[in-house]
Amino acid sequence: MNRREFLRTGAGATAVAAAASASTAGTAAAAETTEVAVGPGGNLVFEPSKVYVKPGDTVKWVWESDNHNVQVLSTPEGAEWAGTEGPKTQTYNTGHEYEHTFETKGTYEYQCFPHAPSMAGQVVVNDSGEAPSGGANKEADPKHMGVPIQAHFVGIATILAIFVSLMFTFFLLKYGESPHASGGN
Ligand SMILES: [Cu+2]
């Protein structure tokens, strides 16, 4: 291979690599890994207990105390997730790491079998990888999850009510007295 051929090949390879990385960036936008501490400080919790990720993102559980596992309770339809290896009584100790890449959107529920039901967590896979209402609150209380829709409904109902009463007032002022007034004549 002479120098010119080498340069041409090099340029070609660079172009191919650039194209490949460009198309990779276009299709799989920055897959991320979210860490969940397992039993931090000896507390029987997953921290954070609820995480939001995008399809293709990975959640990595890192054991910070002993005798815990990740037992899957439910997955979205069509999704497969087995949790930590072995039977549900199989536990792992400090330093253990377990990770899973989530592809299917929806809510995944899991618990630590020996410390259930209090030691439990959720993985929510959605397009944004953020909590639904603004994203700031990653620890949204599940009891409040239905509120945004109701809040929208109340807001729309309030606007409608104001509009209707304004229209009522308008027509009352414009036409309201005329039947009585003319009838009185
Ligand atoms: Cu546990």
Side-chain angles (χ1 to χ4, degrees), residues 12-149 151-152:
T14 306
V16 169
S21 65
S23 67
T24 304
T27 50
E32 292 171 22
T33 297
T34 300
E35 274 197 24
V36 175
V38 180
N43 296 314
L44 304 180
V45 295
F46 294 100
E47 178 59 43
S49 61
K50 187 171 192 174
V51 294
Y52 293 86
V53 302
K54 303 183 300 296
D57 282 354
T58 296
V59 178
K60 182 178 178 182
W61 285 264
V62 179
W63 273 245
E64 297 188 3
S65 57
D66 296 345
N67 304 314
H68 305 294
N69 65 12
V70 172
Q71 184 203 1
V72 177
L73 296 176
S74 69
T75 69
E77 206 176 310
E80 283 186 27
W81 182 32
T84 44
E85 274 186 51
K88 63 189 180 186
T89 51
Q90 166 95 48
T91 59
Y92 298 86
N93 295 336
T94 305
H96 185 69
E97 293 185 355
Y98 162 73
E99 61 179 42
H100 181 76
T101 299
F102 293 86
E103 302 287 355
T104 305
K105 282 188 269 185
T107 299
Y108 299 72
E109 296 180 303
Y110 66 93
Q111 65 183 16
C112 167
F113 177 72
H115 303 123
S118 63
M119 187 172 177
Q122 288 184 316
V123 176
V124 178
V125 182
N126 60 21
D127 285 324
S128 66
E130 301 282 347
S133 52
N137 184 7
K138 288 219 163 197
E139 289 266 60
D141 186 340
K143 286 171 193 157
H144 296 154
M145 293 304 283
V147 168
I149 294 164
H152 279 295

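Numbers here are sequence positions counted from 1. Keep in mind the model is a prediction, meaning the values are calculated, not measured.
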Please report the C-alpha distance between Asn93 and Trp63 in whole Å, then the side-chain angles of each, then the deciding distance to 0.1 Å, and finally whether the side chain to side chain contact (heavy atoms under 4.5 Å, CB included) criterion is met.
-> CA-CA 6 Å; Asn93 295 336; Trp63 273 245; 5.8 Å; no
Any chance you could lay out the side chain to side chain contact (heavy atoms under 4.5 Å, CB included) test for Val38 and Phe46, step after step, and finish with the verdict?
-> CA-CA 5 Å; Val38 180; Phe46 294 100; 3.9 Å; yes
Report the C-alpha separation of Trp81 and Val70 in whole Å, then their side-chain angles, then the decisive distance to 0.1 Å, and conclude whether the side chain to side chain contact (heavy atoms under 4.5 Å, CB included) test is met.
-> CA-CA 10 Å; Trp81 182 32; Val70 172; 3.8 Å; yes
Might you work through the side chain to side chain contact (heavy atoms under 4.5 Å, CB included) test for His68 and Thr91, ending with a clear yes or no?
-> CA-CA 5 Å; His68 305 294; Thr91 59; 5.8 Å; no
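Residues Asp57 and Thr34 have side chains not in contact (no heavy-atom distance under 4.5 Å, counting atoms from C-beta outward). Glu80 has its side chain out of reach of Thr104: every pair of non-hydrogen atoms, C-beta onward, lies at least 4.5 Å apart. Side chains of Glu64 and Asn43 form no contact here, defined as non-hydrogen atoms less than 4.5 Å apart.
Of all heavy-atom pairs between Gly106 and Pro76, the closest is CA-CG, 3.5 Å. Contact record, Ala79 with Tyr108: CB-OH, 3.4 Å, taken as the closest heavy-atom pair. Between Gly56 and Thr101, the shortest heavy-atom distance links the atoms O-CG2, 3.4 Å. Scanning both residues, Val125 and Pro55, for their nearest heavy atoms gives CG1-N, 3.5 Å. Across all non-hydrogen atoms, the minimal contact from Lys54 to Ala30 is NZ-O, 3.8 Å.
Note that CZ of Phe113 is 10.5 Å distant from CG of Leu73, once rounded to the nearest 0.5 Å. In this structure, the separation between CG on Asn67 and OG1 on Thr94 is 8.5 Å, given to the nearest 0.5 Å. Taken from CG in Asn69 to NE2 in His115, the straight-line distance is 9.0 Å, to the nearest 0.5 Å. Atoms CD and NZ, from Glu32 and Lys60 in turn, are 14.5 Å apart once rounded to the nearest 0.5 Å. Note that CD of Gln90 is 12.5 Å distant from CD of Gln71, once rounded to the nearest 0.5 Å. Expressed to the nearest 0.5 Å, how far OH of Tyr110 lies from OG1 of Thr84 amounts to 11.0 Å.
Note: His96 and Tyr92 have parallel aromatic rings, judged against thresholds of 30 and 60 degrees for the angle between ring planes.
Considering only residues two or more places apart in sequence or on other chains, Tyr98 meets the ring-ring contact (aromatic ring centres under 6.0 Å, His included) condition with Trp61.
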